[in-house]
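First up is the structure itself, then whatever we jot down about it.
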Protein chains: 2
Amino acid sequence: MKQKRVTSYDVARVAGVSQSAVSRVFRPGFSVSKKTREKVIATANEMGYRPNAIARMLITKQSGMVAVILSSQANLNYPEVLSELNRELALHNKRVLLFTLDNAEELDELLENIWTFQVDGVIALAAHFDSKSLNLFAKHSTPIVLYNRHVPESNANTVCCNHDKGIKQLIDLLHEANHKSYLIISGPTDSDVANERREIAENYLQTLGVKDTPVIYGDYGYKSARDALKKWLKKHPKPDAIICSNDAMAIGVIDELKENFCIKVPDDMSVVGFDGINASSWYNYQITTVQQPMKQLTKAAVDILMERIENPQAAAEVRVFTGSLIEGNSIKKS
Amino acid sequence: MKQKRVTSYDVARVAGVSQSAVSRVFRPGFSVSKKTREKVIATANEMGYRPNAIARMLITKQSGMVAVILSSQANLNYPEVLSELNRELALHNKRVLLFTLDNAEELDELLENIWTFQVDGVIALAAHFDSKSLNLFAKHSTPIVLYNRHVPESNANTVCCNHDKGIKQLIDLLHEANHKSYLIISGPTDSDVANERREIAENYLQTLGVKDTPVIYGDYGYKSARDALKKWLKKHPKPDAIICSNDAMAIGVIDELKENFCIKVPDDMSVVGFDGINASSWYNYQITTVQQPMKQLTKAAVDILMERIENPQAAAEVRVFTGSLIEGNSIKKS
DNA sequence: ATGAAAGCGCTAACAC
DNA sequence: GTGTTAGCGCTTTCAT
């Protein structure tokens, strides 16, 4: 049987008070006499009454929900990010409404959905945002914070890991160990982060006098790195070191070298990764990598978002955090 | 500047039609004349109008949102599950409202939140549900589907992987390979799934004539398994085979054996896992395990939930799916 | 096919 | 401190 929901009017009637009395009891910081409060709470519990958030949203024009946009990609790389965001947002009394975005065509539909749900703000971990889409957020006065995405020609709120510093640290280690020839395994070309990491590596190698470092591409996944590397090594000489856009691919590289080319890391070749995922420190890999300061990033993202919800006209803010270098055992000693 | 949201009245006024005409245009399956529809759509686009889902929810009493309850644990083990659930639910026009539940004390607050948000249904991947909590869902007439949790003394909608069959298959392989002494590394005792897997293994070993198999405990994580195993092996003889409650711990076991005890898997000892996570097939591990039929599970969970939303008084349903045995290379040949 | 009017369950402003 | 009233932006009858 579909029982009708209990409303504040029902409670008011039974408790013998007005509806607004009930409403006040359930809102923090409103003054109600002890007697009324107790009576209301008692009858509410008895009747199983809970305030209807939907009705509240309609009138306060605050949904209490924040959209988090993931690509399934991003989710795979950092499952903890979502938990952390959820935790931080809960501290500010916000709920996470989840959206995924895997290819650019879905973007319009996604945005429609976001406007429709009247979310208080958006945190975007997915790839496909251009400055045109970002303008729409401004137009709909919906605050948005980008997580590890840099969108050129737009001044959006952003938190990100300092890829530049991290990658240079890694390359410095390789360079100091007297490596001469390099191979870069980059993430997919439609990922901003992958492109950024690749470009930093290319340019910095050039600065150090290493010219024309070849680049091959994977999809950030274990298998894609193995396949790309296998294909490459069949036709090209082996490099001294392989720079991978993320740890998952670095692990794939180490396994591929070991299984199909009898090359041991770090004895015969060096490999570096990026991200600092759990598996990077497993005994068989011990990758030298840069760990993203995930908790700082998530906290900053939420903090900025909350500020913008409070104060929408404030100027955009970018917070950059430096990752921590983890010296594993994947670089050959010179 | 905080611009006011455009409402259906605004559009109606500009387009020179009634508010209900606008409403009808934005609802599927309502008959509007072509002329009216075009006029409304045009002015709506021009004005940046989107229907307000909150107002719609209030009157239709359908929020279009489904709560998904995760533990951070579950999220780490199966990051894909959430993406899949989200995808499947989106096909039914439902959005995911995310909740996390890590310890039992948070349950009450969580439930308050769920009632408040008037979600259409709930999918629970987290551990701490007892039959008392489940009754609350019935009382609030909120359909709930449990994912891989069996709650005794309650007939809740459930989808789960056939742990029984899977674990017996794994143990059969070990037994046929002439292993005599076993060690079980179980997940935490407050996890239903961990307890179930442990009991199945204990009982089945007994059936096969293997008595008093010792059990040690981890938290499903890599490090916890290493620590527990190290402590155990210092004081006890080494078993022929180690049965792990999940792949992450199996990986930890393999690494611990290799690094600190010079025991190679599968040459010197056998290890089996459960879940079929990506890393279980990496070259250094190649664990013999059972892969959970994740896509089937998520689809079934969503299907059942949608049926219950349509038809709340239908009887509870349990769908059990058999995982697929993956024969890796972690069992010593006899 | 279209419009007028009622009302979903709450909050907010006001009077007492 | 408490009750009254007027909406929030829609959907849903019910006339026309």
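So you know, we letter chains A, B, ... as the sequences are listed, proteins then strands, and number each from 1.
- Salt bridge status for B:Glu307 with B:Arg319: present, with a side-chain N to carboxylate O gap under 4.0 Å.
- The side chain of A:Ser8 contributes an N or O atom lying less than 4.0 Å from OP1 or OP2 of C:dC10.
- For C:dC10, one of the phosphate oxygens OP1 or OP2 lies less than 4.0 angstrom from a side-chain nitrogen or oxygen of A:Tyr49.
- For the pair B:Met57 CE and C:dC10 P, the computed distance is 16 Å after rounding to whole Å.
- For the pair B:Arg56 and A:Arg24, nearest-nucleotide mapping onto DNA chain D gives the more 5' position to A:Arg24.
- Shortest non-hydrogen contact noted between A:Ile54 and B:Gln118 is CG1-CG, 3.6 Å.
- Ring pair A:Tyr49/A:Phe26 is perpendicular by interplanar angle, where above 60° counts as perpendicular and below 30° as parallel.
- Here chain B contacts DNA chain D (any atom closer than 4.0 Å to a heavy atom, that is under 4.0 Å), and the contacts span D:dG9 to D:dT12 from 5' to 3'.
- Along DNA chain D, the nucleotide closest to B:Ser20 and the one closest to B:Asn52 are compared, and the more 5′ of them pairs with B:Asn52.
- Checking the phosphate oxygens (OP1, OP2) of C:dG9, no side-chain nitrogen or oxygen of A:Thr7 falls inside 4.0 Å.
- Across the interface with DNA chain C, nearest-nucleotide mapping of B:Ala21 and A:Ala55 shows B:Ala21 to be the residue nearer the 5′ end.
- Proximity of B:Ser33 to the phosphate of C:dT2: a side-chain N or O atom is located under 4.0 Å from OP1 or OP2.
- Here the straight-line distance linking atom CG of B:Leu146 with atom CD1 of B:Ile144 works out to 5.0 Å at 0.5 Å rounding.
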